[in-house]
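Structure first, commentary second.
One is the number of the first residue; the rest follow in order along the sequence.
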Amino acid sequence: MIEIQPVKSSIDAAVAIPGSKSFTNRALLVAALAEGRSQLTGALFSDDTRYMCTALRELGVEIEANEDRCTFWVAGNGGKIPVNHAELYVGNSGTTSRSLVSYVALGKGNFVIDGDEPMRRTRPIANLLDALQQLGVDVRSVYDNGFLPAIVNANGFEGGKTRLNTNKSSQFLTSIMLVAPYTKEGIEVEITDKIKTPYIDMTLSVMKAFGVAVTHDNYRSFHIEGRQKYQACEFLIEPDASSASYFFAAAALTGGRVEVDNLNTDSVQGDVHFVDVLEKMGCQVNWKRGGCEVIGAKQLKGIDIDMNAISDTWPTLAAIAPFAASKVGIRNIGHTRWQESDRIHATVTELRKLGVKVVEGKDGVEISPSRITPAAIDTYNDHRIAMSFSLIGLKVPGIRIKNPSCVNKTFPTYFDVLQSLN
């Protein structure tokens with residue numbers, strides 16, 4: 001357990017944010033598929049990226065890593081998987097587990113993907129398995145419950161047409177898209193719901209950087225030609241916009257100033273737009289050459305907002321919401337009940353523990369201005385719950401975070417960086 005120390009005065013800081021987890025894991029997989037040796041710079045070294053790296057090595061991919069230089073060097077196998085059996089453990093990494101299920105289908109042999117308890121109980125994979133089965137892949141959930149462990153009896157990946165529901169995660173589509181160029185027939189995916197586009201744009205941008213284009217009909221269907229090859233390249237990974245949200249929120253909460261370098265308005269990371277939310281609450285947002293600055297307001301305004309497109313940041317907003325002048329409504333986030341935790345239930349439970357008045361809906365919350373009662377926060381082994389609720393401790397003494405090491409999933413040095421704001 002760690003106790004957060006309130007800041008003594010308004011924050012005035014430039015914060016270095018580690019690389020994007022989502023970019024790093026996509027780039028690792030695509031580089032493994034590519035022809036030749038790729039260099040990934042600015043990469044994130046965390047639990048999730050280590051699970052991806054370890055799994056790819058077990059599948060015969062040569063990867064060198066230098067954590068001090070935030071760099072991976074990946075020798076791609078040109079779409080081939082040189083081993084015919086592997087039992088891959090992915091921890092609680094959704095990007096790793098879901099991407100690997102499609103990746104190993106390119107090989108020939110027997111592959112098992114398993115993970116931590118949340119992957120076996122609360123983070124579904126059924127829609128992805130169904131879409132792959134439509135494409136002729138012999139894949140199933142070992143316990144026939146739509147969760148890990150999953151087993152793939154691979155015999156090459158022909159491709160074809162499939163239908164996919166992404167209401168629980170856009171990672172299902174990313175998984176299929178990333179490997180589609182190496183199928184024989186290519187793949188056409190019809191989306192049966194309204195997809196969340198920011199993370200798909202990220203997938204498209206990584207594929208394009210490695211030389212593969214995708215066509216789509218306004219995100220309703222996607223077509224990727226088969227028998228293509230990614231080309232090795234040097235790929236620069238942006239700072240993680242989701243991780244940056246905590247520090248922008250810290251400026252908003254304390255009436256201070258925080259600047260993060262190397263984030264731009266044209267980033268495909270949807271979470272860069274969290275600063276737009278803060279601007280609506282009265283903060284000043286300044287986009288500079290090569291960075292973004294947020295200056296907090298004297299008093300935050302209440303808002304009502306749809307957070308579907310930037311849903312990884314809604315717990316960040318929820319943490320600062322009790323300090324606003326009026327109610328904060330957060331809508332269209334029902335899919336976050338199937339992430340590392342049921343984030344709606346977890347956030348509501350911990351806010352109430354702090355004495356916050358909050359109403360829980362099926363796919364949203366409403367948070368009223370409240371006086372905070374200090375407490376120890378349960379984190380549900382969810383990095384975003386831990387990082388979000390720690391912000392309250394910058395304002396109110398006595399906020400303790402249980403299991404702080406859960407932030408190792410995406411931001412191992414988070415608490416050191418947070419307390420350096422003092």
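The pair E190-K161 does not count as a salt bridge, with every side-chain nitrogen at least 4.0 angstrom from each carboxylate oxygen. Using a 4.0 Å cut-off between charged side-chain N and carboxylate O, R343 and E350 make no salt bridge. With respect to the salt-bridge test (charged N to carboxylate O, under 4.0 angstrom), the residues K353 and D378 qualify. One finds no salt bridge joining E117 and R120 here, because no Lys/Arg side-chain nitrogen approaches an Asp/Glu carboxylate oxygen to under 4.0 Å.
In this structure, K395 contributes its side chain and L253 its backbone to a donor-acceptor pair below 3.5 Å. Without hydrogens or angle criteria, S388 side chain to T316 main chain gives a donor-acceptor distance under 3.5 Å. S341 places no side-chain N or O within donor-acceptor distance of the main-chain N or O of A346, the cut-off being under 3.5 Å. Checking side-chain atoms of S267 against main-chain N and O of L263 turns up no donor-acceptor pair under 3.5 Å. The backbone N or O of K108 lies less than 3.5 Å from no partner atom in the side chain of N84, so there is not a single donor-acceptor pair. Using modelled atom types, one side-chain atom of T379 and one backbone atom of K402 make a donor-acceptor pair closer than 3.5 Å. Formation of a donor-acceptor pair under 3.5 Å by the S242 side chain with backbone atoms of D240 is not found in this model. Counting only distance, with no hydrogens or angles, the side chain of S99 and the backbone of T96 share no donor-acceptor pair below 3.5 Å. Under the 3.5 Å distance criterion, the side-chain polar atoms of T192 are matched with a main-chain donor or acceptor of L164. With S311 contributing its side chain and M307 its backbone, the two residues share no donor-acceptor pair below 3.5 Å.
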Inset, instruction - Just do the side-chain hydrogen bond (donor to acceptor under 3.5 Å, both in side chains) check on D193 and T166 with the steps written out, would you? - result: CA-CA 7 Å; D193 62 309; T166 65; 3.0 Å; yes

Inset, instruction - Before giving the answer on side-chain contact (heavy atoms from CB on, under 4.5 Å), spell out for V359 and V365 the whole-Å C-alpha distance, their side-chain angles and the decisive distance to 0.1 Å. - result: CA-CA 6 Å; V359 177; V365 298; over 6 Å; no

Inset, instruction - Show the numbers, then the answer: is there a side-chain contact (heavy atoms from CB on, under 4.5 Å) between V189 and M177? - result: CA-CA 9 Å; V189 185; M177 288 171 61; 5.7 Å; no

Inset, instruction - I would like to know whether Y246 and F389 meet ring pair (Phe, Tyr, Trp, His ring centres under 6.0 Å); could you show each step before the answer? - result: CA-CA 10 Å; Y246 307 111; F389 277 84; over 10 Å; no

Legend entry - Worked check of side-chain contact (heavy atoms from CB on, under 4.5 Å) between R140 and V152: CA-CA 7 Å; R140 63 182 177 86; V152 182; over 6 Å; no

Inset, instruction - Evaluate the side-chain contact (heavy atoms from CB on, under 4.5 Å) criterion for residues V74 and L28: first the C-alpha distance (whole Å), next the side-chain angles of each, then the deciding distance (0.1 Å), finally the verdict. - result: CA-CA 7 Å; V74 183; L28 280 167; 4.0 Å; yes

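Test R384, K409, R121 against E340 for salt bridge (Lys or Arg N to Asp or Glu O under 4.0 Å) and you get one pass: K409.
Side-chain atoms of P322 and I372, non-hydrogen and from C-beta on, do get closer than 4.5 Å to each other. You'll find the side chain of I399 stays beyond 4.5 Å of the side chain of E3, heavy atoms only. Side-chain atoms of I81 and F111, non-hydrogen and from C-beta on, do get closer than 4.5 Å to each other. Looking only at side-chain heavy atoms (C-beta outward), D342 and Y380 stay at 4.5 Å or farther from each other.
Applying the salt bridge (charged side-chain N to carboxylate O under 4.0 Å, His left out) definition to pairs two or more places apart or across chains, those involving residues 15-34 are K21-D48. Among pairs with a residue in residues 218-233, those fulfilling salt bridge (charged side-chain N to carboxylate O under 4.0 Å, His left out) read E35-K229, D217-R220, at least two apart in sequence or across chains. Every pair passing ring-ring contact (aromatic ring centres under 6.0 Å, His included) that includes a residue from residues 177-210 is listed here, sequence neighbours excluded: Y182-Y230, F210-F235. Residue pairs meeting the ring-ring contact (aromatic ring centres under 6.0 Å, His included) criterion with at least one partner in residues 40-63, sequence neighbours excluded, are F45-F72.
Taking the six-membered ring wherever Trp is involved, the centroid distance between the rings of Y414 and F247 falls below 6.0 Å.
S102 and S175 share a donor-acceptor pair across their side chains, judged by distance under 3.5 Å alone. Checking N110 against N153 by side-chain atom types alone, a donor-acceptor pair falls below 3.5 Å. With no hydrogens or angles considered, no side-chain donor-acceptor pair links W73 and S38 at under 3.5 Å. Counting only N and O atoms by type, the side chains of N403 and S405 include a donor and acceptor under 3.5 Å apart. Checking N25 against T49 by side-chain atom types alone, no donor-acceptor pair falls below 3.5 Å. Under the 3.5 Å distance criterion, with hydrogens and angles disregarded, no donor-acceptor pair is assigned to the side chains of Q419 and Q5. Using modelled atom types and a 3.5 Å distance limit, the side chains of N332 and D306 yield a donor-acceptor pair.
Rounded to the nearest 0.5 angstrom, Y103 OH and I113 CD1 are separated by 12.0 Å. Rounded to the nearest 0.5 angstrom, I333 CD1 and I305 CD1 are separated by 11.5 Å. The distance from atom CD of E238 to atom CG of L236, rounded to the nearest 0.5 Å, is 8.0 Å. With values rounded to the nearest 0.5 angstrom, Q171 atom CD is found 12.5 Å from I176 atom CD1. In this structure, CG in L391 is found 6.5 Å from CG in L418, a value given to the nearest 0.5 Å. Rounding to the nearest 0.5 Å places CG of L300 at 9.5 Å from CG of L317.
For F248, there are no ring pair (Phe, Tyr, Trp, His ring centres under 6.0 Å) partners at least two apart in sequence or on another chain. Residues passing the salt bridge (charged side-chain N to carboxylate O under 4.0 Å, His left out) test with D304 are R331, sequence neighbours excluded. For N77, the side chain to side chain donor-acceptor pair (under 3.5 Å) test picks out no residue, with sequence neighbours left out. Every residue two or more places apart in sequence or in another chain was checked for a ring pair (Phe, Tyr, Trp, His ring centres under 6.0 Å) with H335, and none qualifies. Among residues two or more places apart in sequence or in another chain, the side chain to side chain donor-acceptor pair (under 3.5 Å) test is passed with R257 by D12, E259, E293. The side chain to side chain donor-acceptor pair (under 3.5 Å) search around Y143 returns none, not counting sequence neighbours. Annotation: side chain to side chain donor-acceptor pair (under 3.5 Å) contacts of D116 (sequence neighbours excluded): Y89.
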Extract all donor-acceptor atom pairs below 3.5 Å that involve side chains of residues 55-62 and protein atoms in other chains or at least two apart in sequence.
| unit_1 | atom_1 | unit_2 | atom_2 | d |
| --- | --- | --- | --- | --- |
| R57 | NE | I63 | O | 3.3 |
| R57 | NH2 | I63 | O | 2.8 |

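When all heavy atoms of V112 and P149 are compared, the pair lying nearest together is CG1-CB, 4.4 Å.
Counting heavy-atom neighbours within 6.0 Å of H223 NE2, excluding the residue itself, gives a total above 12.
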